[in-house]
Amino acid sequence: MQIIHEIAVLRAQVADWRRAGLRVGLVPTMGNLHAAHLALVRDAMTRCDRVVVSVFVNPLQFGPDEDLQSYPRTPEHDIDLLIQVGNHCLFAPSEQEIYPHGRLGQTFIEVPVLSDLLCGASRPGHFRGIATVVAKLFNIVMPDLALFGEKDYQQLMVIRRMTADLNLPVEIVGHPIVREPDGLAMSSRNGYLTPDERITAPLLHDHLRRLAEAIRAGQLIADAEWDTARALSAAGFKPDYVSVCRRADLNHPKPGDRSLIVLAAAYLGKARLIDNLIIDLGD
Ligand code: PAF
């Protein structure tokens, strides 16, 4: 596997692949790779001739009181896993390479409305940081296709909108959530959980499943959201939000909407966990 740190070197490599008529995929990550990332890489490898995995802990998407400093960084482990899975190229730039004018001097990309809902309401600037770094990665790598996990469903929506609004020629592919055997969605932040919290954590997914069943059985959405938040609090979580939305645009469902999704964020100790579940009400 090639390991590249400079933008110019990566561009030259991708240009060679393009001259050879190869299709290029990008899997953007913040490192500390686990099985869910590897599922994205494997998926990308079935769709493309060459796959670039980027590892960059993007400071622009962390708020001032968030875990930028403590976010797990495991470069050797990441390299081992990417070699095992047969990945072609790792792009691991420095902060100086990505933001040469500093964090405050950087031009940014703002996706309105979508960025202010749900996680955006409690993490101001988070999606601006994501849209900015992903647009930069698209311009650096110029991939045919990029893959993102559906656990970060709002992030996926923001990236799709940004790509469409800016007419970027990149196909965006969402990959289904990869879960631990007990249902907990895989995430680097699961590493913050204590052993006791790790036992409690899958209840987030359980309660979203119960909420989906209640809505299918005809319970009012607002009541189901409230019941779920209360059940999570009783289990030891500090819920940030539990929200049933229209799947297409994350707006509040209107009567007759059939394609819904419930999204939730909740703290469990130091970990802020997010999860979601599609609720398809059929015709
Ligand atoms: O999902 C992530 O790991 C990050 O938000 C991303 C897309 C790599 C941007 O930094």
Side-chain angles (χ1 to χ4, degrees), residues 7 10 25-41 43-44 51-63 66-75 77-78 81-82 87 89-95 97-99 103 106-111 114-115 117-120 122-141 143 145-163 166 168 170-179 185-192 263 265 271-276:
I7 292 171
L10 185 78
L26 170 67
V27 180
T29 80
M30 298 208 297
N32 190 233
L33 302 182
H34 47 67
H37 295 113
L38 300 185
L40 289 178
V41 179
D43 189 348
V51 174
V52 177
V53 174
S54 63
V55 171
F56 179 64
V57 181
N58 173 33
L60 288 197
Q61 69 190 74
F62 288 79
E66 294 184 0
D67 56 343
L68 173 61
Q69 297 312 325
S70 56
Y71 194 85
R73 290 160 174 86
T74 52
H77 160 89
D78 294 348
L81 288 183
L82 290 173
N87 181 57
C89 177
L90 164 63
F91 177 49
S94 65
E95 186 176 337
E97 187 76 357
I98 295 292
Y99 299 126
R103 296 176 194 177
Q106 171 63 41
T107 302
F108 60 80
I109 290 180
E110 183 103 51
V111 177
L114 258 182
S115 298
L117 312 169
L118 305 169
C119 282
S122 41
R123 303 185 71 188
H126 175 60
F127 289 111
R128 181 170 85 183
I130 290 174
T132 301
V133 80
V134 171
K136 283 174 74 77
L137 289 168
F138 284 180
N139 284 325
I140 292 166
V141 180
L145 170 156
L147 282 95
F148 298 87
E150 290 179 352
K151 176 177 72 70
D152 298 281
Y153 191 83
Q154 188 178 5
Q155 164 174 284
L156 178 60
M157 300 279 289
V158 166
I159 291 167
R160 281 194 200 283
R161 176 70 62 79
M162 181 269 293
T163 306
L166 300 181
L168 301 178
V170 182
E171 182 190 342
I172 306 299
V173 177
H175 187 91
I177 298 177
V178 181
R179 297 185 181 279
M186 287 191 186
S187 165
S188 297
R189 290 193 168 100
N190 293 349
Y192 297 153
L263 301 103
R272 185 176 187 279
L273 305 179
I274 60 172
D275 203 347
N276 66 70

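Model, not experiment: these values are computed from the prediction. Just so you know, these numbers use all the heavy atoms, side chains as well, and skip hydrogens, waters and symmetry mates. Start at 1 and go down the list; that is how both ligands and their atoms are numbered.
Taking only nitrogen or oxygen atoms, main chain and side chain alike, Gln61 reaches within less than 3.5 Å of ligand 1. In terms of N/O distances under 3.5 Å, ligand 1 is approached by Gln155.
Contacts of Ile159 with ligand 1, taken as heavy-atom pairs under 4.0 Å, are absent altogether.
In terms of the side chain to side chain donor-acceptor pair (under 3.5 Å) criterion, Tyr71 has no residue partners (sequence neighbours excluded).
Scanning all heavy atoms of the two residues, the minimum distance from Phe56 to Pro93 falls at CD1-O, 3.6 Å.
Annotation: salt bridge (charged side-chain N to carboxylate O under 4.0 Å, His left out) contacts involving residues 145-154, sequence neighbours excluded, are absent.
Just one residue in the list Arg272, Arg189, Arg123 forms a salt bridge (charged side-chain N to carboxylate O under 4.0 Å, His left out) with Glu66, and that residue is Arg123. If you run side-chain contact (heavy atoms from CB on, under 4.5 Å) between Val41 and each of Leu33, Asn87, Leu81, only Asn87 comes through.
Set against the non-hydrogen atoms of Val133, the atoms of ligand 1 under 4.0 Å away are 9 (C), 10 (O). Short contacts between ligand 1 and Pro28, defined as distances under 4.0 Å to a heavy atom of the residue, involve ligand atoms 8 (C). Near Thr29, meaning under 4.0 Å from any of its heavy atoms, are these atoms of ligand 1: 8 (C).
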